Number of protein chains: 2
Amino acid sequence: MRRTDRLFEIIQILRDGGLHRAQDIADRLEVSVRTVYRDMDTLVASGVPVEGERGLGYMVREQITLPPVNLTSEELEALNLGMAIVAEAADPDLRNAALSLAEKIDAVLPTQTVAEADAWKFAIYPFADAARGFSHMATLRAAIKARQKLSLQYRRIDGTLTQRIIRPLHMEYWGRVWTLTAWCDTRAAFRVFRVDLIEDATALPELFVDEPGKTLADFDPCN
Amino acid sequence: MRRTDRLFEIIQILRDGGLHRAQDIADRLEVSVRTVYRDMDTLVASGVPVEGERGLGYMVREQITLPPVNLTSEELEALNLGMAIVAEAADPDLRNAALSLAEKIDAVLPTQTVAEADAWKFAIYPFADAARGFSHMATLRAAIKARQKLSLQYRRIDGTLTQRIIRPLHMEYWGRVWTLTAWCDTRAAFRVFRVDLIEDATALPELFVDEPGKTLADFDPCN
DNA sequence: ACGCAACTGACATAAAGCTGTCAGGAGGGT
DNA sequence: ACCCTCCTGACAGCTTTATGTCAGTTGCGT
């Protein structure tokens, strides 16, 4: 198991909001306690809101949501930057959308403001492993929107392949990894898939509707 | 010299649009030819438009700019995604701007569209080394806009420190590294600085105006 | 005072990544 | 034909990173 994968797993474990001892996490991931402490360091340094209490264990603080602010050229810059990054990383559809949106905004703005935004024209040469697994994102996005079932071929962390029929519900971004939350028809349970481990995703003609117990609202991260 | 730094250097070398032999690049960067070939592999795999011609050398293809497209919910998604990424990575100002902008857009949209966009609510836990060096970005951006001179403390790749007065002109994003293009008053020449190697940046009260030969338009990447 | 569990530092070892060397192959130009 | 250069694979040595072990410290609760 690669280090990155383990960090991701730790977040998943902590996500239930409960108290977890380093020893338990170590046992579960089959590493030494020392390694868990080092991982926690990394997570904290990366901004994950986790806190350790001596004698107790680890817990995540609830995430703080920020109140809305005012309109400004700050936001314009954020937008340009965001579009530049999306144009670099995401799937072709999004890439085009990002580029056209950026151009459209430039076109609408008064010329003086454009000059400002111009300082942000990006020459983008991704070195990216960031792009790994982005190839399926278009399919997944479309299926979530269309409420279309998917046939998924997935490579588990241990390397084995599985095939399943899922109802895609939700995507999340974890800084390094994208996840797809779905109801798995094959296993009759919620599952979270890492997009970068998806080998193949094919949209099926079959649509699905919300059924009690199978909607995103019913999903509980604590397994 | 770290590998990442070398890749970045290679791009700089190729940027002049000329033909370069692997041997020459190898000599200049003091590595073997084999290593250059491996680096080229990496660059190509990362989307850098470089091409090798047997018997000739390496050249960059000119970048293709895409024609503008139409307005749509694609663009909305690109925007949401972009804001999520910016909120993760950029400096505090941009971060807030991105968050508020995303919220503002959500607020303006009809509820049906919001439901779509909702599938993209991001829980963001950056593992980021992406954030390295972002601490100065706010200062740099502000100085570019205000045409304010900067006192820069910069760590060269060999580890030595330099201090200079610069006129910040332009920022670029290279997928892994941000660069700041500036006229260096101290050296009386254009210089490109890597933002992640900037130790300290202090805005000076002194402003600057465009002088012939010192504007961004006068800058020629081929040293 | 005691136990618990988070922490820290130092060190040895194992795994992974990077690089150079060598030995070739392949396409284009002369 | 020949030369130039890109390009590939294999292997050995080096460097970096990751991990485990050990020995200790710190803060909290009982």
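Just so you know, these numbers come straight off a predicted model, no measurement behind them. Just the heavy atoms: all of them, side chains too, but no hydrogens, waters or symmetry mates, feed the values below. Proteins come first, then strands; the chains are lettered A, B, ... in the order of their sequence lines, and each starts at number 1.
- One atom, CE of M59(A), and another, P of dA5(C), lie 17 Å apart when rounded to the nearest Å.
- Between D41(A) atom CG and dT17(D) atom P there is a gap of 16 Å when expressed in whole angstrom units.
- Within the 4.0 Å cut-off from OP1 or OP2 of dC7(D), not a single side-chain nitrogen or oxygen of Y37(B) is found.
- The nearest pair of heavy atoms linking A182(B) to I166(B) is CB-CD1, 3.8 Å.
- Using bins of under 30°, 30° to 60° and over 60° for the plane-to-plane angle, the ring pair F193(B)/Y154(B) lands in the perpendicular bin.
- Closest approach of R191(A) and C184(A) over heavy atoms only: CG-CB, 3.9 Å.
- For the residue pair Y58(B) and A22(B), the shortest heavy atom distance occurs at CE1-CB, 4.0 Å.
- Atom CG in L29(A) sits about 15 Å away from atom C1' in dG20(D), given to the nearest Å.
- What separates CD1 of I10(A) from P of dA18(D) is a distance of 14 Å, to the nearest Å.
- Direction of the helix axis in the helix from dA1(C)-dT30(D) to dT30(C)-dA1(D) shifts by 30° between the two five-pair termini, rounded to 10°.
- Salt bridge D24(A)/R21(A): present, at least one basic N to carboxylate O contact under 4.0 Å.
- Going from atom CG of D24(B) over to atom P of dC4(D) covers 14 Å, rounded to whole Å.
- Of all the heavy atoms in K214(B) and L169(B), the pair that sits closest is O-CD1, 3.9 Å.
- To the nearest angstrom, P of dC6(D) lies 12 Å from NE2 of H20(B).
- Atom CD1 in I25(A) sits about 13 Å away from atom P in dA5(C), given to the nearest Å.
- Residues E51(B) and L56(A) both approach DNA chain D. Their nearest nucleotides, taken by heavy-atom distance, put E51(B) toward the 5′ side.
- R164(B) and D185(B) are not joined by a salt bridge, as no carboxylate oxygen comes within less than 4.0 angstrom of a charged side-chain nitrogen.
- Side-chain atoms of H20(B) do not come within 3.5 Å of backbone N or O of M59(B) as any donor-acceptor pair.
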| request: Quick one, give me the B/S/- string for nucleotides 11-28 of chain C, reading 5' to 3', where B means a protein heavy atom under 4.0 Å from the base and S means that only happens at the primed atoms, P, OP1 or OP2. | output: -------SBBB---BBB-
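- Taking atom CG on L19(A) and atom P on dC4(C), their separation rounds to 16 Å, with Å as the unit.
- Checking Q163(A) against S151(A) by side-chain atom types alone, a donor-acceptor pair falls below 3.5 Å.
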